[in-house]
Amino acid sequence: MKLIAPSVLSADFGHLADDLEMINRSEADWLHIDVMDGTFVPNISFGFPLMEPMRQYCTKPLDVHLMIVHPEKYVERFCDAGAWSVGFHLEAVEDPMPILDLIKAKGVRTCLTINPDIDVQRLVPYLDQVDMVLLMSVFAGFGGQKFIPKTMDKIRFIRQEIDRRGLNTLIEIDGGVNTRNAAELFAAGADVLVAGSAVFGADDPEEAIRKMKDEG
Ligand code: DX5
Ligand code: ZN
């Protein structure tokens, strides 16, 4: 699958409705929503108050990426707030299974995420328990960082594992994705590319989305 999920973190919050309309018109598949708590990551983004306008104005599925401690406290509220999928960090929790169950019980898709310094092997036991795994290709916390090249091998490894076991689990990549590396990422086995600054910082964001998707 070749899906593009622009990250609203890089949108213009003073003109959020305009940016969401652009996303609606574009070939983007999902809207990626980065929630940061200032504790799991050294940055604070936004929370529930923005879920409502995004659900209201955005016609694309909302792909929520929680960069927070204690995701078990909040996953259900994000499901109720209109998330299409909810992901949290494996390294933020002791046991992801009960939290995945909370999300599944809401009928929402699940995603497990790891930062670049977490061994990709740790995702393997959960590949058949989640709808998607998200490999961070920068350290979570900020948009506009440089893609970490070692991510390529991790994508290939997880792709192989998913294919070997005949699973449908999607692989999402987040951080430093742009029109120049999108094709290579898809070729390595990624299914979903998140792009913040490469979309909202582009002169023509719709064209940037189209390029990443069609040339990928
Ligand atoms: C980083 C976030 C990313 C971020 C990506 O912590 O998870 O989704 O918005 O931004 P770019 O595409 O600019 O690297
Ligand atoms: Zn993200």
Side-chain angles (χ1 to χ4, degrees), residues 3-13 16 19-20 22-23 26 28-47 50-51 54 58 60-69 71 74-75 78 83-92 109-118 123 130-152 154-155 170-186 190-203 205-206 208-209 211-213 216:
L3 307 180
I4 301 292
S7 168
V8 76
L9 186 66
S10 297
D12 176 357
F13 287 99
L16 183 59
D19 278 0
L20 294 179
M22 180 280 290
I23 295 295
S26 77
D29 296 280
W30 302 343
L31 183 69
H32 185 80
I33 298 182
D34 288 306
V35 177
M36 305 178 185
D37 67 353
T39 298
F40 180 69
V41 287
N43 198 11
I44 297 176
S45 57
F46 50 77
L50 278 192
M51 286 296 289
M54 291 200 266
C58 188
K60 311 271 171 155
L62 306 181
D63 171 38
V64 174
H65 174 195
L66 300 178
M67 286 160 272
I68 64 174
V69 295
Y74 298 107
V75 289
F78 278 101
W84 188 82
S85 87
V86 172
F88 60 92
H89 278 254
L90 178 60
E91 67 271 31
R109 289 146 204 85
T110 52
C111 175
L112 261 187
T113 306
I114 52 167
N115 257 312
D117 60 344
I118 303 299
L123 283 176
V130 295
D131 295 292
M132 182 161 78
V133 287
L134 165 52
L135 304 177
M136 289 303 299
S137 39
V138 301
F139 280 89
F142 301 89
Q145 302 179 74
K146 224 173 134 249
F147 182 84
I148 298 173
K150 273 190 200 149
T151 313
M152 300 305 300
K154 297 181 188 177
I155 301 172
L170 297 178
I171 302 175
E172 185 175 46
I173 305 301
D174 185 3
V177 173
N178 55 47
T179 51
R180 294 177 303 284
N181 60 16
E184 196 189 347
L185 290 163
F186 281 133
D191 297 293
V192 189
L193 302 183
V194 175
S197 46
V199 169
F200 291 99
D203 292 338
E206 283 180 69
I209 293 167
K211 237 181 145 180
M212 281 187 255
K213 197 174 163 73

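Both ligands and their constituent atoms are indexed starting at 1 by order of listing. These figures come from a predicted structure and were not determined experimentally.
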Among Thr113, Ile171, Leu170, Asp191, the one residue meeting side-chain contact (heavy atoms from CB on, under 4.5 Å) with Met132:
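Testing Met132 for a side-chain contact (heavy atoms from CB on, under 4.5 Å) against Thr113, Ile171, Leu170, Asp191 leaves exactly one candidate, Leu170.
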Review point. Should the pair Trp30 and Trp84 be assigned to parallel (<30°), tilted (30 to 60°) or perpendicular (>60°) ring geometry?
Key: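 Tilted, since the angle between the ring planes falls between 30° and 60°.
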Write out the residue and atom name of the closest protein heavy atom to [atom], then the distance separating them to 0.1 Å.
{"atom": "atom 1 (C) of ligand 1", "result": "Phe142 O, 3.6 Å"}
{"atom": "atom 13 (O) of ligand 1", "result": "Ser197 OG, 2.5 Å"}
{"atom": "atom 12 (O) of ligand 1", "result": "Gly196 N, 2.7 Å"}
{"atom": "atom 10 (O) of ligand 1", "result": "Gly143 CA, 3.5 Å"}
{"atom": "atom 11 (P) of ligand 1", "result": "Gly144 N, 3.6 Å"}
{"atom": "atom 14 (O) of ligand 1", "result": "Gly176 N, 2.8 Å"}
{"atom": "atom 6 (O) of ligand 1", "result": "Gly141 N, 2.7 Å"}

task = Report yes or no: do His32 and Asp34 form a side-chain donor-acceptor pair below 3.5 Å?
result = yes
Next on the checklist: Quick check on Phe40: does its CZ atom have over 12 non-hydrogen neighbours (other residues, nucleotides or ligands) under 6.0 Å away?
Outcome noted: yes
Ligand 1 atoms in contact with [X] (distance to a heavy atom under 4.0 Å):
{"X": "Val194", "answer": "8 (O)"}
{"X": "Ala195", "answer": "12 (O)"}
{"X": "Met36", "answer": "6 (O)"}

Closest to atom 8 (O) of ligand 1 by heavy-atom distance, out of Asp174, Asn43, Asp63, is Asp174
- request: Any chance you could lay out the side chain to side chain contact (heavy atoms under 4.5 Å, CB included) test for Met22 and Val199, step after step, and finish with the verdict?
  value: CA-CA 11 Å; Met22 180 280 290; Val199 169; 4.2 Å; yes
- Among the N/O/S atoms of Asp174, select the one at the shortest distance from the Zn ion (ligand 2) and name it.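 Result: OD2.
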task = Using distance alone, determine whether Leu9 and ligand 1 share an N or O pair under 3.5 Å.
result =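 Not met; the criterion fails.
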> Given NE2 of His32 on one side and OD1 of Asp34 on the other, what angle do they make at the Zn ion (ligand 2), to 10°?
Replying inline: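 The angle at the Zn ion (ligand 2) comes to 90°, rounded to the nearest 10°.
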